[in-house]
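Taking it in order: structure first as structure tokens, then the write-up.
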Amino acid sequence: AMLHASAQERRQYGILGWTSSYVFGDQDLEAVTGLLADLLEGLPAPAKTTVSAVCYALPWPALRTVVGEIMYGGRVSNDMDLRCLAALAKRFVSADLVHSTEAD
């Protein structure tokens with residue numbers, strides 16, 4: 001959700017945010033949520049016992065690639081925008097983010 005919100009927020013800054021007016025809609029967020037739900041459902045039972053176990057079991061690099069380069073990046077046409085989106089995905093699609101919010 002944070003990646004989606006950041007991608008949406010950047011649109012407010014015009015050409016400084018994205019070089020084109022990309023539309024990241026609710027369908028994108030729903031697709032990512034569905035993908036994550038499917039991944040979580042496919043985890044073995046021992047991996048679902050704690051947040052830490054789930055974080056360890058998820059294939060973060062693959063998830064980051066699918067979300068950042070395919071689901072959201074598929075509509076991005078500028079290389080610099082793709083780099084920015086990849087940086088957002090690296091920040092927001094990670095076990096580190098889950099661990100930092102778990103401690104709060």
Discussion item. Between Met71 and Val66, is the side-chain contact (heavy atoms from CB on, under 4.5 Å) condition met? List the steps.
Written reply: CA-CA 6 Å; Met71 293 179 143; Val66 170; 4.2 Å; yes
Worksheet item: To the nearest 0.5 Å, how far apart are CG in Leu63 and OG in Ser94?
Response: 10.0 Å
Practice prompt. Evaluate whether atom CZ of Arg75 has more than 12 neighbouring non-hydrogen atoms of other residues, nucleotides or ligands under 6.0 angstrom away.
Written response: yes
Worksheet item: What do the steps show when you test Asp96 against Arg91 for salt bridge (Lys or Arg N to Asp or Glu O under 4.0 Å), and what is the final call?
Response: CA-CA 8 Å; Asp96 294 339; Arg91 171 72 178 113; over 6 Å; no
Worksheet item: Should we count CG of Asp38 as having more than 12 external heavy atoms under 6.0 Å?
Response: yes
Practice prompt. Please determine, by modelled atom types, if Tyr22 and Asp81 share a side-chain donor-acceptor pair under 3.5 angstrom.
Written response: yes
Discussion item. Using 0.5 Å steps for rounding, measure from the CG atom of Leu85 to the CG atom of Asn78.
Written reply: 11.5 Å
Worksheet item: Can you tell me how far CG of Leu36 sits from CD of Glu41, rounded to the nearest 0.5 angstrom?
Response: 11.5 Å
Response to the item:
side-chain hydrogen bond (donor to acceptor under 3.5 Å, both in side chains) filter on Thr65, not counting sequence neighbours, yields none
Discussion item. Applying the side chain to side chain contact (heavy atoms under 4.5 Å, CB included) criterion to Leu88, which one of Met2, Arg10, His4 satisfies it?
Written reply: Arg10
Worksheet item: Taking Gln8 for the side chain and Phe24 for the main chain, is one N or O donor matched with an acceptor at less than 3.5 Å?
Response: yes
Worksheet item: Is Leu3 reachable from Val23 through a run of hydrophobic residues whose side-chain heavy atoms are each under 4.5 Å from the next?
Response: no
Item to complete: Working to the nearest 0.5 Å, report the span between CG of Leu39 and CG of Leu35.
Response: 4.5 Å
Worksheet, complete the sentence: In terms of heavy-atom contacts, Lys90 and Arg64 come closest through CA-CD, 3.3 Å
Worksheet item: With distance as the sole test, does Trp18 use its side chain to make a donor-acceptor pair with the main-chain N or O of Tyr13 at under 3.5 Å?
Response: no
Item to complete: Give the minimum heavy-atom separation between Leu82 and Gly73, together with the two atoms involved.
Response: CD2-O, 3.7 Å
Item to complete: Please report the shortest heavy-atom distance between Trp60 and Ala95, naming the atom on each side.
Response: NE1-CB, 3.4 Å
